[in-house]
Amino acid sequence: MSYRKPAAMAAAVLALAAMAGCAGEKKEAKSQKVIGVSVLTLANPFFKVMADSMQAEGKKRGYEVIVTSGELDPSRQKDQVSDFIVKKVNAIVLCPCNSTSIGTSIQEANKADIPVFTADIQCLAKNAKVVSHIATDNYSGGKLAGEAMVEALKGKGKVAIIDHPEIESVMLRTKGFREVLAKHKGMSIVSSVPGGALRDTSYKATQDVLEKHPDLDGLFCINDPTALGALAAMEKAGRTGRIKVISFDGQPEAKEAVRSGKIYAEPVQFPDRIGAKTIESIAAYFAGKRVYGEELIPTELYRKADADKDPSLKKP
Amino acid sequence: MTQSPETRAAGRRSAAAQLANAYGMLAVLALLCAFFALATYHDENPTGAAAGTALAADLKGRTGVIIVQSQDSEGEAFARSLEEALTKAGTPARGTLSGDPPTVRAALERVAAAEPLGVVATTRSCADWTLFEALKSEGGAYAGLEVVTPRTVRGSTFLSSSNLRNIADQISVIAIMAVGMTLVIITGGIDLSVGSLLAFGSVTAAWMIAHMGGVAAGPGALIVASLATILLCGLVGSVNGAMVTLFKVPPFISSLAMMQVTSGLAFIVSGGLSIFDIPKSFVWLGRGADLGGIPNAVALMALIYVAAHIVMSQTRIGRNIYALGGNFEAARLSGISTRKVLMLVYSISGIMAGVGGVITTSQLRAGSATYGAMYELYVIAAVVVGGASLSGGEGRIFGTLIGALIIGVIRNGMNLMDVEPYLQKVVLGLVILGAVLLDMLKRRRWSKAGA
């Protein structure tokens with residue numbers, strides 16, 4: 001009797017594995033060309049959209065695109081890359097969970113002569129060869145945000161930044177933003193506080209800013225979670241009317257806030273275009289064309305007029 | 001005193017049950033391996049020297065062959081052996097090209113300018129480049145272009161030696177931490193702090209190395225930093241032990257608190273950034289393979305398992321740990337120093353997390369406070385799947401290794417089969433659930449047998 005239960009367990013495990021296997025085997029076509037992708041986290045819709053568009057674009061060009069996610073864990077991502085190398089995929093696309101730790105994995109891929117591309121997040125490790133990096137043009141996006149702020153305040157007012165200077169892409173955004181504001185005499189940046197790029201931490205940071213600057217006119221939030229946290233703080237403090245908010249990203253909830261006028265405008269990123277461009281670069285590379293070491297995807301300013309026409313938003 | 005026939009029979013029965021249990025898990029592992037071996041059985045594209053010679057035989061009599069080689073060691077071996085074989089056959093190759101696709105395309109264009117292209121011999125990874133089709137469609141000097149590759153052979157990706165090494169390498173950190181966790185769980189406790197402690201250990205080791213010469217640090221500094229880190233993590237573990245023994249704090253709460261403390265400390269030490277002033281020689285532990293191709297981290301894992309097995313099965317300390325988990329009161333009354341035993345197991349758990357931290361730092365050549373997230377759960381899962389009971393008193397070291405292997409094999413196999421990441425989570429969760437259910441069934445049967 002005691003033998004049966006482990007056997008039952010074995011059967012259950014196999015059934016599960018078979019179930020999982022069916023999902024995999026359907027896709028297996030003969031000598032299909034394969035691209036392995038490991039994104040930062042699939043919990044963030046940005047990467048989900050990007051991965052989906054990679055799969056769609058890959059299909060068009062005859063590549064099977066396998067999507068995995070490091071879920072913010074650098075060593076899990078390392079395992080995923082080593083599995084890709086064992087599978088002998090044709091190319092690897094990474095959104096590194098850690099810009100320096102990823103170096104050793106990329107070196108392994110280099111050793112196996114599998115070309116590596118990065119999307120959205122750059123690899124900063126030395127001696128790791130990346131063919132091309134495809135990302136949002138954060139610098140010009142920051143400039144767009146600055147222009148939107150000038151427009152919102154009609155060239156005159158005090159502005160604060162809810163910042164997250166630990167990340168290079170954010171540094172580029174604020175750099176562009178500051179450059180535009182510096183050109184306008186009436187505009188001044190009175191404060192820049194770290195908001196952690198998250199909703200809850202930005203909520204608290206904004207509370208502090210509101211407390212300190214009762215005459216604040218504008219708020220630049222470096223991404224959508226930051227802006228949504230800041231809006232909550234403004235609502236709680238009863239300061240929603242006067243302060244104009246500029247965000248950065250283009251997630252649905254923030255677009256909704258643009259439509260209702262809570263956010264004045266925001267440069268939106270295009271994760272789908274980043275995904276498609278990445279696959280395009282890989283195809284061009286394999287066709288023997290020279291690809292640039294960096295491809296920047298421009299942002300576009302998204303205002304209330306755009307939100308009113310946006311079919312992706314639900315009707316109020 | 002002589003044993004009654006009933007007791008002896010009961011003893012035999014439980015021994016049989018234990019054996020069946022151990023082999024049951026082994027059987028699960030074997031079945032999983034067989035399944036993934038079959039599921040990943042497919043046409044493989046050979047490369048390396050043998051493939052080069054074989055392709056030369058296929059190309060008998062063809063002249064003007066251009067070889068395109070990939071830039072890995074096997075690709076080089078392929079090109080070299082193909083060149084030699086073709087020369088021997090009296091039809092030497094027209095040339096060998098290597099480089100990235102744009103370089104090879106430019107080189108082919110140069111070659112074609114002199115004489116139209118014929119056969120291009122290469123391995124699969126390069127043959128997949130679309131540049132050949134693109135050139136051929138241009139016609140002219142490229143019209144005769146024909147790409148040939150070595151014939152495919154049937155083989156299983158899962159069973160390839162590089163993948164088996166891969167699995168062992170991938171589980172090594174979790175499996176090492178699971179040794180400490182097994183001891184803790186046998187005493188009826190739990191240690192939730194190991195994941196954060198791994199991050200803390202990683203950051204501490206990297207920080208010390210960065211302050212003892214950075215990229216120029218010598219082997220002495222690396223050893224000192226590693227050992228100091230492991231000791232420090234052991235010390236943190238002993239804080240857990242002290243909370244559990246001196247203040248009777250439930251292990252769940254005490255280790256939950258330490259999980260927060262160590263994670264916070266890791267972020268403070270690193271300032272939230274990764275520390276990468278680490279010499280190249282430090283990757284020896286995590287990425288080197290000195291013992292006949294066995295990764296060093298795997299060798300260390302094997303060493304730790306053998307040592308732990310001996311301690312748990314042959315020594316008084318091992319017996320005391322089991323006794324304490326089986327019946328705490330009885331163990332105390334029989335004169336076992338329960339405090340010492342508990343302090344010891346939590347310290348060992350900390351030490352193992354420290355070892356995991358050092359290995360991870362070595363593998364990734366950088367220390368970061370973000371490592372090890374959720375590892376406590378994987379480690380506990382490995383121990384439980386390996387047959388240890390969360391109510392204490394039961395569990396075997398090699399059972400844990402099998403548990404870690406089962407989880408590692410499922411994860412690797414699903415990756416090789418391109419199972420969606422979301423579904424992977426579901427499958428892993430169900431496997432853990434299955435193992436716990438098995439534990440419960442076992443318990444109910446025994447309590448019935450006892451009644």
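Worth knowing before you read on, the calculation uses all heavy atoms, side chains too, and leaves out hydrogens, waters and symmetry mates. In this text the structure is predicted, and so the values were computed from the model without any measurement.
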Count the heavy-atom pairs under 4.5 Å between each of [options] and chain B, then report the option with the highest count.
| options | result |
| --- | --- |
| Asn127(A), Val86(A), Ile114(A), Ile102(A) | Val86(A) |
| Arg61(A), Lys88(A), Glu71(A), Lys289(A) | Lys289(A) |
| Ala284(A), Ala125(A), Pro74(A), Cys97(A) | Pro74(A) |

Region of [X] that comes under 4.5 Å of a non-hydrogen atom in chain A:
| X | answer |
| --- | --- |
| Tyr422(B) | side chain |
| Phe158(B) | neither |
| Asn412(B) | both |

Between [X] and chain B, with a heavy-atom cut-off of 4.5 Å, which part of the residue counts as in contact: side chain, backbone, both or neither?
| X | result |
| --- | --- |
| Gln77(A) | neither |
| Asn90(A) | side chain |
| Ala283(A) | backbone |
| Ile66(A) | side chain |

Between [options], who has the most heavy-atom pairs with chain A when the cutoff is under 4.5 Å?
| options | answer |
| --- | --- |
| Ser162(B), Ser73(B), Ala134(B), Ser70(B) | Ser70(B) |
| Asn415(B), Thr157(B), Leu108(B) | Asn415(B) |
| Ala373(B), Ser274(B), Gly286(B), Gly372(B) | Ser274(B) |
| Arg105(B), Gln71(B), Glu74(B) | Gln71(B) |
| Thr103(B), Leu135(B), Val104(B), Thr360(B) | Thr103(B) |

Quick one: does any side-chain atom of [X] pair with a main-chain N or O of [Y] as donor and acceptor, under 3.5 Å?
| X | Y | answer |
| --- | --- | --- |
| Arg365(B) | Phe282(B) | no |
| Ser99(A) | Gln122(A) | yes |
| Asn166(B) | Ser82(A) | yes |
| Asp72(B) | Lys111(A) | no |
| Lys78(A) | Ser105(A) | no |
| Thr68(A) | Val37(A) | yes |

Fit a plane to each ring of Phe286(A) and Tyr63(A), take the angle between them on a 0 to 90° scale, and name the class: parallel (under 30°), tilted (30 to 60°) or perpendicular (over 60°).
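Aromatic pair Phe286(A)/Tyr63(A) classed parallel.
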Interatomic distance, Leu94(A) atom CG to His133(A) atom NE2 [nearest 0.5 angstrom]:
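Spacing of CG (Leu94(A)) from NE2 (His133(A)) equals 11.5 Å.
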How long is the gap from CG on Asp83(A) to CZ on Arg411(B), to the nearest 0.5 Å?
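One gets 9.0 Å once the value is rounded to the nearest 0.5 Å.
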Checking Arg199(A) now: which residues fulfil salt bridge (Lys or Arg N to Asp or Glu O under 4.0 Å) with it, not counting sequence neighbours?
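Here the qualifying residues are Glu253(A).
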